[in-house]
Amino acid sequence: MARGKYIIVPAEVRYNKQLAAGAKLLFGDLAVLAKNKGYVFATNGYIAKTIGCTEITVSNWISQLKKSGHVSIKYNPHRQIYVKSYSKS
């Protein structure tokens, strides 16, 4: 997963009371992974193995992020997760 020194979780995500704490951290990891291509194509299994949780948990967190509008998902034919960009100001 995101193996850099840190991740950034914007205030819009961090203070969203509808999101589980894990979903907030996952957002930061997804944002790092999306930097190169603009989207993330990692499977739930890969994400779960990397961060040490179940695929169901990852699925639930991604669903929370999608429902809150922080990510969008397209299938072409594989899943592509697009992370919403927030300004740094």
Side-chain angles (χ1 to χ4, degrees):
M1 192 58 114
R3 294 291 183 194
K5 294 184 185 239
Y6 61 90
I7 59 172
I8 296 173
V9 180
E12 293 87 348
V13 175
R14 190 171 62 242
Y15 298 123
N16 185 325
K17 295 183 188 297
Q18 308 305 316
L19 297 175
K24 295 173 186 184
L25 292 175
L26 179 59
F27 178 89
D29 280 334
L30 294 175
V32 170
L33 290 173
K35 277 197 179 227
N36 290 337
K37 293 188 176 190
Y39 62 89
V40 179
F41 58 88
T43 65
N44 289 356
Y46 172 77
I47 296 168
K49 182 179 175 184
T50 304
I51 63 176
C53 67
T54 67
E55 290 182 44
I56 293 171
T57 299
V58 171
S59 179
N60 289 337
W61 289 343
I62 291 173
S63 293
Q64 289 175 20
L65 290 167
K66 182 180 175 188
K67 185 177 178 181
S68 296
H70 301 299
V71 301
S72 60
I73 299 174
K74 295 181 182 176
Y75 294 90
N76 189 23
H78 302 288
R79 179 183 71 180
Q80 297 172 337
I81 303 171
Y82 292 85
V83 178
K84 185 175 179 180
S85 177
Y86 292 96
S87 68
K88 295 179 181 177
S89 57

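Positions are given from 1 along the sequence.
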Seminar exercise, completed: Tested for side-chain contact (heavy atoms from CB on, under 4.5 Å) against C53, the lone hit among I47, L26, V58, N44 is V58

Seminar exercise, completed: Sequence neighbours excluded, the answer for side-chain hydrogen bond (donor to acceptor under 3.5 Å, both in side chains) partners of R14 is none

Problem set entry | Set of residues satisfying ring pair (Phe, Tyr, Trp, His ring centres under 6.0 Å) with respect to Y82, sequence neighbours excluded | Y39

For this session: Scan residues 53-63 for pairs that pass side-chain hydrogen bond (donor to acceptor under 3.5 Å, both in side chains), counting only residues two or more places apart or in two chains.
Result: T54-T57

Problem set entry | Sequence neighbours excluded, every pair satisfying ring pair (Phe, Tyr, Trp, His ring centres under 6.0 Å) that has a member inside residues 9-30 | none

Exercise. Taking atom NZ of K84 and atom CD of E12, what is their separation to the nearest 0.5 Å?
Worked result: 7.5 Å

Exercise. To the nearest 0.5 Å, what is the distance between CG (L30) and CD1 (I81)?
Worked result: 5.5 Å

Problem set entry | Nearest-0.5 Å distance, CZ of residue R79 to OG1 of residue T43 | 7.0 Å

Which atom pairs, donor and acceptor, lie under 3.5 Å between side-chain atoms of residues 65-75 and protein residues at least two apart or in another chain?
unit_1, atom_1, unit_2, atom_2, d
S68, OG, Q64, O, 3.1
H70, ND1, Y86, OH, 2.4
H70, NE2, N16, ND2, 3.1

